[in-house]
Amino acid sequence: MSFLDIRHYKYLTSSIDRNLDFSAFMDFEHHYQVSENKHEYSIERSYFSYKESLVENTVDSSIQSIMDMESKLIPIFAQMERTGVYVDEKKLRDIGEDIARESKNKELEIYDLVGERFNINSAKQVQVILFEKLGIPVSKKIKTGYTVDNEALSLIGQKYEIANIILQYRTLEKLRSTYIDGLLRVINPHTKRIHTTYNQLGASTGRLSSESPNLQNIPSGSGYPARIKSCFCPESSEFSFLVADYSQVELRILASLSGDTSLIETFVRGEDIHTRTARFLFGEDATITSELRRIAKSVNFGVIYGITGFGLSKVINTSPAEATKYIDTFYAMYPGVRAYYQSILDGANKNGYVETFYGRRRYIPGVRDSNKMIRAGAEREAINMPIQGTAADIIKLAMLRISNFLKEGTYKSRMLLQVHDELVFEVHESEKDMMEKQIRSIMEGVFPGPLKLLVDIHTGANWSEAKG
DNA sequence: CGCTTCACG
DNA sequence: ACGTACGTGAAGCGA
Ligand SMILES: [Mg+2]
């Protein structure tokens, strides 16, 4: 029985119709009425997709191999979902009480500052308070008036403390509603484990997504985020958490795909890529402060997204002209990247799609649109997909190999979570050192070529401690 | 259910 | 003149 599903076929071969209506498809294309019975229907679905993709031989061989990989991954994701991850419920509840207390204080502080009570969770009501009652200048217009998002409130906060308090309140409420209450609601009351659902077909680049709950956006950082993450832990003290994450994976992939010699050289020498870019931007002899490195880091990441001078200027809080200068300097110092991007756009125009190193495709109709803005947006998608998608292919292949490795031995350790460039395991103490070596070797070995991928591995008593 | 906001890589 | 960084999912509001 093949796990292959027609939705996988459509996912890998088409830009549209991700939520394909299978019964309509079968009726229209094959004059076949699918079964009303749920079980028979699912068998029909598997069978016809198998036939469609393999027997008709209309699919490019690299797509066939991606499809083969996706097919083999289905039971692996299913296993991870079924295993779930243990959560210390009492600890999570206690953190929630701390957050609620602090949030309540912020709430009262806000009412006190503006002299009235209102719903701070309502962006509309915040607009009225700030822009009508207090007469604060507006910035960007949105459908419902003027934005009161983080960027706008941070700017306002330079003059009006109320905006800063609202931001602090929002941060606390986000943590409480999504990560305390939200997670408490989905802990299995018997096993105390949380079981996400991985969506293998949703993301246009080939990434996974995670829902109900989303375990791919658990907050990270110090303070409450670390405390929340520390609630994810092994059930038994015989186990530790092991977190393995690819280091700078997208920039390394950009280096490999573009073949840019100075980007490759930087990684091969083991230099810090953000510091290297900072010296290109601010001079070889400049003292690279953390602030300059931060700017360079934003430039490096921005390039992966096809950022404009305007966009970068918002991120690093400078003028568009200055930001444009940084981007131009980046391309001048890493000329292979510019040439590579041009080749991607040429390919997108010629073929209508872009592809990852492994041949996974994304169709980008917008690159031929007559509307300049649609086209610019499509070009950013086209530039980003081969990078983000290759990273997705790499970690998926690694997961397949790790899963096979775990199956071969009768190990107690288990793979629990995937967060795009990171895998989370619970490992038995007796297997810990061996697992670390094997997991690193498998993950680093996936991608060929002269530029090695590097994997950072940390272990600890919980997800927070194992983040290094 | 659309909009807004914000959490992650 | 306009809009402006890729990819996701979830929560609260308000109609
Ligand atoms: Mg990383």
Side-chain angles (χ1 to χ4, degrees), chain A residues 118-127 140-154 166-167 169-183 185-186 196-221 224-225 228-229 245-251 254 298-316 320 323-324 327 354 362 364 371-392 395 417-423 463 467:
Chain A
F118 64 103
N119 186 347
I120 310 164
N121 296 323
S122 164
K124 187 77 211 132
Q125 293 184 37
V126 172
Q127 285 177 38
K140 198 176 69 176
K141 199 161 176 16
I142 55 175
K143 288 179 185 177
T144 61
Y146 295 93
T147 183
V148 285
D149 66 10
N150 192 312
E151 186 188 335
L153 290 195
S154 297
I166 292 174
L167 284 174
Y169 169 84
R170 274 197 193 150
T171 302
L172 295 166
E173 278 305 292
K174 180 79 171 184
L175 294 176
R176 198 193 50 72
S177 63
T178 305
Y179 302 105
I180 303 290
D181 293 354
L183 291 177
R185 268 199 295 271
V186 295
T196 187
T197 300
Y198 288 109
N199 185 352
Q200 196 178 0
L201 308 175
S204 50
T205 57
R207 271 190 176 184
L208 281 186
S209 69
S210 158
E211 64 182 6
S212 314
N214 184 355
L215 294 184
Q216 291 181 320
N217 71 345
I218 302 301
S220 62
Y224 289 123
I228 290 170
K229 223 158 196 172
D245 83 289
Y246 282 109
S247 167
Q248 308 287 6
V249 66
E250 294 195 339
L251 284 167
L254 175 63
S298 297
V299 174
N300 285 340
F301 280 116
V303 165
I304 288 173
Y305 302 137
I307 203 171
T308 63
F310 181 89
L312 179 64
S313 73
K314 295 291 180 198
V315 174
I316 62 178
T324 302
I327 294 170
V354 293
R362 177 180 183 179
I364 317 258
N371 181 319
K372 205 173 97 186
M373 229 172 47
I374 303 272
R375 219 166 46 239
E379 287 174 359
R380 290 193 298 271
E381 293 169 5
I383 279 170
N384 179 256
M385 186 273 176
I387 303 169
Q388 187 181 118
T390 298
I395 196 165
L417 301 171
Q418 190 251 41
V419 192
H420 308 304
D421 72 342
E422 164 183 339
L423 295 174
W463 198 357
K467 283 251 57 172

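In the text below, chain A, chain B and the rest are named by the order of the sequence lines, each starting its count at 1. Note that the structure is a prediction, hence the values are computed from the model and not measured.
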Would you give the length of the straight line joining atom CD of A/Gln216 to atom CG of A/Leu208, rounded to the nearest 0.5 angstrom?
-> 6.0 Å
Of A/Glu211 and A/Thr205, the one whose closest DNA chain C nucleotide lies more 5' | A/Thr205
Any A/Ser209 side-chain N or O less than 4.0 Å from OP1/OP2 of C/dG7 | no
Contact class for A/Thr144 vs. all strands (heavy atom < 4.0 Å): base, sugar-phosphate, or nothing?
-> sugar-phosphate
Heavy atoms under 4.0 Å, any strand shown: does A/Gly302 hit a base, just sugar-phosphate, or nothing?
-> base
For the residue pair A/Arg176 and A/Asp181, establish whether any side-chain heavy-atom pair is separated by less than 4.5 Å.
-> yes
Which part of the nucleic acid, if any, lies within reach of A/Arg207 when heavy atoms closer than 4.0 Å are counted: base, sugar-phosphate only, or nothing?
-> base
Determine the contact category for A/Asp181: base if any of its heavy atoms lies under 4.0 Å from a base atom, sugar-phosphate if only primed atoms, P, OP1 or OP2 are that close, otherwise nothing.
-> nothing
Atom-pair distance (CD1 on A/Ile304; C1' on C/dC6), nearest Å | 9 Å
Over 12 foreign heavy atoms within 6.0 Å of NZ, A/Lys141 | yes
Contacted region of DNA chain B by chain A, from 5' end to 3' end of the hits, cut-off under 4.0 Å to heavy atoms, spans B/dC3 to B/dG9
Once you round to the nearest 0.5 Å, how far does CG of A/Leu183 lie from CD1 of A/Ile218?
-> 5.0 Å
Euclidean distance, atom CD1 of residue A/Ile316 to atom P of C/dT4 [Å, nearest integer] = 18 Å
Which is true for A/Arg176 with a 4.0 Å heavy-atom rule: it touches a base, it touches only sugar-phosphate, or it touches nothing?
-> nothing
Is any NZ, NE, NH1 or NH2 atom of the basic residue among A/Lys140 and A/Glu151 found under 4.0 Å from an Asp or Glu carboxylate oxygen of the other?
-> no
Please measure how far the P atom in B/dT5 lies from the corresponding atom in C/dT4, and state the result in whole Å.
-> 13 Å
Donor-acceptor pair under 3.5 Å: do we get one between A/Glu381's side chain and the base of C/dC6?
-> no
Interatomic distance at P, B/dC3 relative to C/dG3, whole Å | 15 Å
Assign A/Val303 to base, sugar-phosphate, or nothing according to its heavy-atom contacts below 4.0 angstrom with the strands shown.
-> nothing
Ranges pairing with ranges for DNA chain C, where each run has three or more Watson-Crick or G-U pairs under 3.5 Å | B:1-9 with C:6-14
Hey, does A/Leu208 reach any base, or is it just sugar-phosphate, or nothing, if we go heavy atoms under 4.0 Å?
-> nothing
A/Gln125 near the nucleic acid: base, sugar-phosphate alone, or nothing, with a heavy-atom cut-off under 4.0 Å?
-> sugar-phosphate
Report the nucleotide, chosen from C/dC6, C/dG9, C/dG12, that has the shortest atom-to-atom distance to any side-chain atom of A/Tyr305.
-> C/dC6
